[in-house]
Amino acid sequence: MSILFQQNRGLWWDGDSFHFIEQTLLPFTEKVIVTRDWRVIVDAIKRLAIRGAPAIGVSGAYASILAFREAKGEMNQWREWSSLIAKARPTAVNLSWAIQKLLDASDQFEGNPEDAILATANKIASDDEAMCEQMAEHGLEVVPEGSSALTHCNTGFLVTYGIGTSLGVLRRAHEKGRLEQVYACEARPLGQGARLTMWELGRLGIPGTLLCDSAVGRLMQDGKVDFVMLGADRIARNGDTANKIGTFQLAVLADRFHIPFYVVAPSSTFDPAARNGDDIPVEYRSDEEVWKYQGNQVAPAGSGAYNPAFDVTPNELISAIIREDGIIKPPYRF
Ligand code: MRU
C-alpha cells in the first residue's frame, strides 16, 4: 500500500497517473486504483468510488489532463470530453468549476496548452490542500473546550486533496484537545457516515459514535450535541446550502434545540450563478440504492423509492459558514 495512503490521503496525482481509494469497498477493503484513463475517473465519480465536492473537482481536473493527453492536440475533442467529465455529477459545483478553470487556462495561454492546464490542475489540488488547513484553523474558534460534535456524511481526507472540510476542523480540534468526540450519522442510503466517517475517525484515533439518521432528535434531546458541523456541495449567493440528504432535517432539529449549526466549505463550493437554493440542481439517484443496503435487498422487489442525494438547507438555519478566508456570519451575501 502506498506511503500516501498510509499518510491518510484519499487521492493523488504522480505526474503521470491518478491514484484514488476505491471508496465503495471501504471500510472492509482498502484498495487504491491507479489509472491513466479519464473514463475510469468519470465512472468512479458516478459510482461514488470518488466522492465529496472538492475531491470530485480535483479528480475531474486530472481526468481532463488525461483526456488532453489522449486527444493528442485535438482541442475540440478535448473540450468535448471535458464537458462529459464536468457532467459526471450535477450537484457539487466544484466539478464544473474545475473544468471551467482548465478551459479558461487553455484559452489564455500561448504555447503548449498542456503546460497551462496541468499547472492549473496542480494548483486546484494544492489550493484545495491549503484551504483545508485554513478552514481548520478558523474552525477551531467555534469548537468549545471538551465538546461533542455531530456530523453528517463524510467530509475528511477522502473528499479533498487535504485533511478535509468539516472533518478537517474536527481533526485539528481533537489534536488540540478541544474536541472529545464525534457523533456520525449513518447517511443512508449509501452509508457514507457509517462506512467512511467511522473508518476515518478510527484511523485518526478520534472517538466516534455512529447513529441511525432517525436517532438525531433523540440525541439532541439527550443533550449530547454541542454543535453540528458538516460540509457542502454547493452554496448559493444567499447562503442556501446543498449537502447530503438529511442535512436539512439536522438543521431544523439543531434550531429547535438551539445548537449551533456550522457549514465548512472552500470557496470552490460557492456558486456565484446560484441566487438561492432554487437554482441548485439536486441529483436524484436510482431506486435500487434505497431498496438495497451494501448489496443486500432490504425492501420487497418492486417497491417504489424516493432517492434525492442532496437537500438544500435555507440560510436562516446556518449559524456560520467557515471558509478558507474566515468565519462568515449571517446575513450571507456572497
Ligand atoms: O454523494 P456524496 O457522498 O458525494 O455527497 C458528499 C457530501 O454531501 C459531502 O458532505 C460534501 O461533499 C461536503 S464535504 C466535502
Side-chain angles (χ1 to χ4, degrees), residues 10-11 20-24 26 41-42 44-60 88-98 124-125 128-129 131-132 135-136 139 149-171 182 184-200 213 228-235 241-251 261-271 280-286 289-290 307-313 318 321-324:
L11 36 140
F20 64 91
I21 298 177
E22 168 64 62
Q23 295 189 34
T24 61
L26 289 173
I41 301 176
V42 168
I45 292 172
K46 289 183 175 167
R47 291 186 297 110
L48 274 60
I50 300 171
R51 47 152 293 285
I56 64 177
V58 172
S59 307
R89 285 191 80 192
T91 301
V93 72
N94 308 58
L95 180 56
S96 52
W97 167 87
I124 288 170
D128 189 57
E129 185 173 6
M131 287 190 292
C132 289
M135 290 186 291
L150 172 66
T151 193
H152 190 44
C153 197
N154 168 253
T155 63
F157 63 80
L158 289 170
V159 301
T160 60
Y161 215 71
I163 58 169
T165 58
S166 67
L167 212 51
V169 177
L170 300 177
R171 174 175 171 176
V182 175
C185 293
E186 196 184 16
R188 271 280 280 148
L190 295 178
Q192 289 92 330
R195 295 186 303 106
L196 308 176
T197 296
M198 293 305 288
W199 177 80
E200 285 201 39
D213 300 319
V228 179
M229 188 172 273
L230 35 69
D233 286 83
R234 192 183 296 230
I235 300 176
T241 293
N243 191 50
K244 179 52 52 198
I245 190 70
T247 300
F248 176 32
Q249 62 204 33
L250 293 190
F261 184 94
Y262 301 114
V263 170
V264 184
S267 47
S268 51
T269 300
F270 289 70
D271 182 0
I280 299 180
V282 169
E283 175 185 10
Y284 285 75
R285 295 181 62 87
S286 74
E289 288 181 351
V290 181
N307 190 16
F310 302 96
D311 56 28
V312 178
T313 299
I318 300 171
I321 299 180
I322 296 156
R323 201 165 64 173
E324 72 275 10

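Start at 1 and go down the list; that is how both ligands and their atoms are numbered. Computed from a prediction, not measured in an experiment: that's the story for all the values here.
- Ligand 1 has no N or O atom lying under 3.5 Å from any N or O atom of T155, backbone or side chain.
- Here K244 has heavy atoms under 4.0 Å from ligand 1 in both its backbone and its side chain.
- Checking side-chain atoms of D271 against main-chain N and O of V93 turns up no donor-acceptor pair under 3.5 Å.
- Residue contacts with ligand 1 include A232, since one or more of its heavy atoms lies under 4.0 Å from the ligand.
- For atom 12 (O) of ligand 1, the closest heavy atom belonging to the protein is A53 N, 2.8 Å.
- Nearest non-hydrogen protein atom to atom 4 (O) of ligand 1 is R89 NH1, 2.7 Å.
- Looking from atom 11 (C) of ligand 1 to the surrounding protein, the closest heavy atom is D233 OD1, 3.1 Å.
- Nearest non-hydrogen protein atom to atom 10 (O) of ligand 1 is N243 OD1, 2.8 Å.
- Taking only nitrogen or oxygen atoms, main chain and side chain alike, G231 does not reach within less than 3.5 Å of ligand 1.
- Not one N or O on the side chain of S166 forms a donor-acceptor pair closer than 3.5 Å with the backbone of V263.
- No side-chain donor-acceptor contact under 3.5 Å links R89 to the backbone of L48.
- Other residues, nucleotides and ligands contribute more than 12 heavy atoms inside 6.0 Å of the OH atom of Y262.
- Side-chain contact between I124 and W97: present, with at least one pair of heavy atoms (C-beta onward) separated by less than 4.5 Å.
- For atom 3 (O) of ligand 1, the closest non-hydrogen atom on the protein side is R51 NE, 2.4 Å.
- Counting all heavy atoms, side chain and backbone alike, I45 lies closest to S59 at CD1-CB, 4.4 Å.
- Taking a cut-off of under 4.0 Å to the non-hydrogen atoms of Q192, the atoms of ligand 1 that pass are 1 (O), 2 (P), 3 (O).
- Short contacts between ligand 1 and P54, defined as distances under 4.0 Å to a heavy atom of the residue, involve ligand atoms 15 (C).
- Judged purely by distance below 3.5 Å, without hydrogens or angles, the side chains of R51 and N154 pair a donor atom with an acceptor atom.
- Each of the following atoms of ligand 1 lies closer than 4.0 Å to a heavy atom of V159: 15 (C).
- Salt-bridge annotation for R188 and D213: absent, with no side-chain N of the basic residue lying under 4.0 Å from a carboxylate O of the acidic one.
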